[in-house]
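Below, chain A is the first sequence line, B the second, and so on; all start at residue 1. FYI, side chains are in, hydrogens and waters are out, and symmetry mates aren't considered; it's all heavy atoms of this structure.
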Amino acid sequence: MFKDIQQTIEDKIKAYCAANDIPLAALKWTAIPFSGEWGMSTSFFQTAADEVRAGKGKKLPVPQRAQEIAEQVKAEVGGVEGISHAEAVKGYLNVYFKTSDYARRVVDEVLSAGDDFGRGRPKGERVMVEYAQPNTHHSFHIGHARNTILGEVLARLVEFAGFDTIRASYPGDIGLGVITVLWAYDRFYKGQEPQGVHERGQWLLKIYAEATAKLEKKENETPEEAAQRESYDAERREMLRKWDAGDPYVRELWNTTREWSLDELREVLKMLDVNIDVWFYESTAHELGKEIVDELIAKGIADDERPEGPVIVKIDKKLGLSKEKYRTMVILRSDGTALYSTNDLALAKQKFEQYHVDRSIYVVDFRQSLHFQQVFKILELWGFPQAPKCYHLAYGYVTLPEGAMSARRGRVVLFKEVYDEAVRRVLSLETERSGNIPENERVKIAEQIGLGALVYSMLAVDNNKDIVFDINEALSFDGRTGPYIQNAHVRANSILKKANVQAANLQPAAFNFELTKHEIELIEQISRFPDAVQQAANEYRPLVMAAYAYDLANAFHSFYHAVPVLQSEDENIKNARLRLVAAAKQVIANSLRLLDIQAPEVM
RNA sequence: GCCCCUGUAGCUCAACGGACAGAGCACCAGCCUUCUAAGCUGUUGGUUGUGGGUUCGAAUCCCGCCAGGGGCGCCA
């Protein structure tokens with residue numbers, strides 16, 4: 001906001017420097033710290049340093065010269081419309097806005113834009129975010145939740161920032177792991193089927209863990225046990241071969257169990273309010289892979305070492321690098337079957353050609369960093385102009401205090417378990433803390449709060465860090481948490497409800513009284529929202545929005561505590577503060593929406 | 001051997017190369033007949049792993065070292 005004022009001031013500074021032969025460096029504006037007033041700040045260190053380097057000007061130390069320039073420039077900007085005063089401090093020029101104008105402008109803009117406040121102008125580019133890609137025949141665990149939440153929030157951010165956005169999911173519905181479940185189901189549990197979408201999904205995970213135990217080589221195993229294990233393994237491999245050959249029995253088995261998993265996945269996505277636009281499945285990507293390999297060989301990018309070896313791309317060599325960096329990627333097995341890399345290359349081509357995406361974002365854990373660097377480089381060699389705009393959003397694992405989660409050992413924390421526990425905890429708190437929640441909404445609100453806590457805990461850590469999952473921390477409702485932000489929304493709503501006003505029937509009001517520092521801070525935070533959206537989207541970092549939302553809620557809580565609204569001393573102040581509360585509620589709601597967290601009216 | 005990530009307060013984490021490195025949790029001291037205490041206010045707590053370098057200015061950029069994690073031609 002206020003780019004017009006900024007531009008006016010910049011023009012004045014530039015004119016002054018040009019007239020006085022000062023080699024002005026690019027101006028970077030930031031907020032003024034520790035001020036308690038609004039304004040913006042820029043420094044002249046770089047300019048002073050440039051001057052010294054050019055041998056111009058007086059021989060002053062850089063900080064002193066910067067201060068001198070700031071003082072000179074200060075005189076130029078005093079009379080600008082909307083500016084109250086300016087000051088030169090330690091080499092910085094601080095420009096303060098007229099509080100009443102500024103406050104009114106911010107609040108009016110929020111109230112008129114509503115849900116669209118902060119939305120960026122269309123950027124004319126299409127971005128596809130690929131996330132929510134768990135394997136089927138496993139249950140959805142807390143690590144999948146991190147992936148899905150990161151991806152969804154990123155999608156919401158880039159969409160709101162102005163990108164045409166496509167959400168894509170890529171479940172791994174085939175592979176040896178999937179076949180292992182099929183085999184064990186067919187061998188030991190054929191015909192059984194638990195009731196309930198989640199129960200069925202979780203049951204498959206249990207079968208997987210059991211099957212792995214049966215197939216794993218044990219210490220000190222007897223010859224009989226070894227023979228049994230090898231025979232099981234042979235059955236499993238035979239089943240994979242049959243699947244590949246399209247055997248009707250195996251395919252039918254696969255389809256049925258696959259649907260159980262996908263049912264569970266769709267249910268979880270619904271709980272998280274995630275709507276996937278495009279579903280890619282590994283099983284169908286398989287078919288596409290072979291052709292692109294031929295194309296890459298024909299173009300001289302890939303080397304075919306068959307039948308002795310696989311099809312490979314010597315990336316470093318093709319790029320002319322002497323040190324090993326991207327290494328060599330195998331893109332097709334020597335027997336002609338597809339690999340993960342084959343599928344990803346084929347899918348990327350499809351994204352570019354069929355979906356016309358300009359940017360392609362992959363939300364996948366950090367262990368696959370090299371894989372994606374290799375894929376992106378091959379896309380570049382292949383000649384796709386979108387290759388430089390492919391981005392791997394790598395995130396750390398969610399581990400348990402006792403170590404890594406392991407589906408094979410059945411040592412996983414399921415999303416549904418945590419969700420249920422979250423709802424239980426909120427319900428018991430509601431009894432204690434909330435008096436006025438209607439009986440028929442208690443569960444719904446508990447779900448919103450519980451999920452809010454869980455989701456925020458996944459977003460409040462930068463994505464490149466591992467999260468050691470502690471349920472008490474994830475489901476904390478105090479301090480820097482989802483419920484803290486939701487509570488700010490509820491309190492704002494509470495005031496408006498009590499005043500019996502809607503955003504639509506707020507009285508106009510002027511902020512022509514002396515504002516408290518809490519009001520100033522709150523308005524400052526509100527005005528930051530559009531920039532926070534752009535920053536989070538440009539850097540592909542949900543954390544930026546998570547941090548912003550907390551700061552905003554924090555400013556509101558302080559305001560709420562210190563500044564009376566309904567008890568204001570006069571009618572104009574009351575109306576102005578009601579507008580401010582309505583604006584704050586709106587921006588908190590917008591922030592929560594981007595974070596995929598519900599904004600309840602009561603809690 | 002090579003590559004990537006991480007190292008900041010007791011713990012969990014922030015900080016476009018810029019002003020006194022900030023929050024939360026925990027600890028301690030206050031604040032509920034007053035718009036919801038899932039809250040507010042205050043106190044305590046730091047040679048940013050380490051040694052150099054670049055810069056007017058470094059937690060941030062570059063080099064070395066230490067510690068932890070991950071990856072490196074037919075797993076995904």
Side-chain angles (χ1 to χ4, degrees), chain A residues 28 30 32-34 41 43 45-46 48-50 52-53 61-66 89-92 94 135 172 175-177 282 305 309-314 323-335 337 339-341 343-344 364-371 373-374 394 396-397 399 426 429-430 432-436 449 453 457 460-462 464-468 470 473 476-488 490-499 535 538-539 543 546-547 550-551 554 557-567 577-578 581 602-603:
Chain A
K28 290 177 289 186
T30 56
I32 305 169
F34 336 115
S41 176
S43 72
F45 297 112
Q46 194 58 55
D50 290 349
V52 170
R53 208 161 294 132
V62 166
Q64 275 183 43
R65 177 58 184 151
V89 183
K90 296 179 186 170
Y92 289 83
N94 295 336
N135 289 340
L176 195 57
E282 204 175 334
E305 297 184 339
V311 180
I312 60 173
V313 179
K314 294 176 178 172
K323 271 204 279 189
E324 54 177 351
K325 170 95 179 163
Y326 301 102
R327 300 163 191 273
T328 296
M329 185 173 227
V330 177
I331 62 167
L332 195 70
R333 286 197 188 92
S334 49
D335 66 3
T337 56
L339 288 155
Y340 189 55
S341 54
N343 301 338
D344 255 336
V364 184
D365 78 80
F366 72 100
R367 294 179 201 213
Q368 295 179 36
S369 296
L370 178 61
H371 167 81
Q373 283 189 42
Q374 292 177 321
Y397 259 35
T399 64
V426 181
L429 263 185
E430 278 180 3
E432 180 188 320
R433 296 185 186 173
S434 322
N436 54 354
I449 308 295
S457 76
V461 179
D462 214 348
N464 53 4
K465 284 196 173 158
D466 286 345
I467 294 178
V468 178
D470 175 334
E473 256 174 58
S476 164
F477 307 135
D478 302 319
R480 205 170 204 291
T481 64
Y484 177 93
I485 302 165
Q486 291 173 311
N487 187 232
V490 165
R491 289 175 125 185
N493 180 61
S494 180
I495 294 176
L496 297 172
K497 202 167 58 182
K498 197 128 187 167
Q535 192 197 341
N538 288 337
E539 297 176 9
L543 170 68
Y550 173 78
D551 290 342
N554 182 239
H557 277 302
S558 293
F559 162 84
Y560 177 89
H561 181 262
V563 182
V565 176
L566 301 176
Q567 311 296 326
R577 286 180 177 158
L578 275 172
V581 169
V602 291
M603 67 188 275

Would you classify [X] as touching base, sugar-phosphate or nothing, given that sugar-phosphate means primed atoms plus P, OP1 and OP2, and contacts are heavy atoms under 4.0 Å?
{"X": "A49(A)", "result": "base"}
{"X": "Q535(A)", "result": "nothing"}
{"X": "V330(A)", "result": "sugar-phosphate"}
{"X": "V602(A)", "result": "base"}
{"X": "G309(A)", "result": "base"}
{"X": "S476(A)", "result": "nothing"}

Within the 3.5 Å criterion, strictly below it, is a donor on N94(A) or S41(A) matched to an acceptor on the partner's side chain?
yes
Whole-Å distance, H561(A) NE2 to rA38(B) C1', equals 15 Å
With the side chain defined as heavy atoms from C-beta on, I312(A) is closest, among rG39(B), rG73(B), rA19(B), to rG73(B)
Among rG70(B), rG1(B), rG24(B), the one nearest any side-chain atom of F366(A) is rG70(B)
key: K465(A) with D462(A): basic N within carboxylate O range, under 4.0 Å   = no
Whole-Å P distance, rG49(B) and rC56(B) = 25 Å
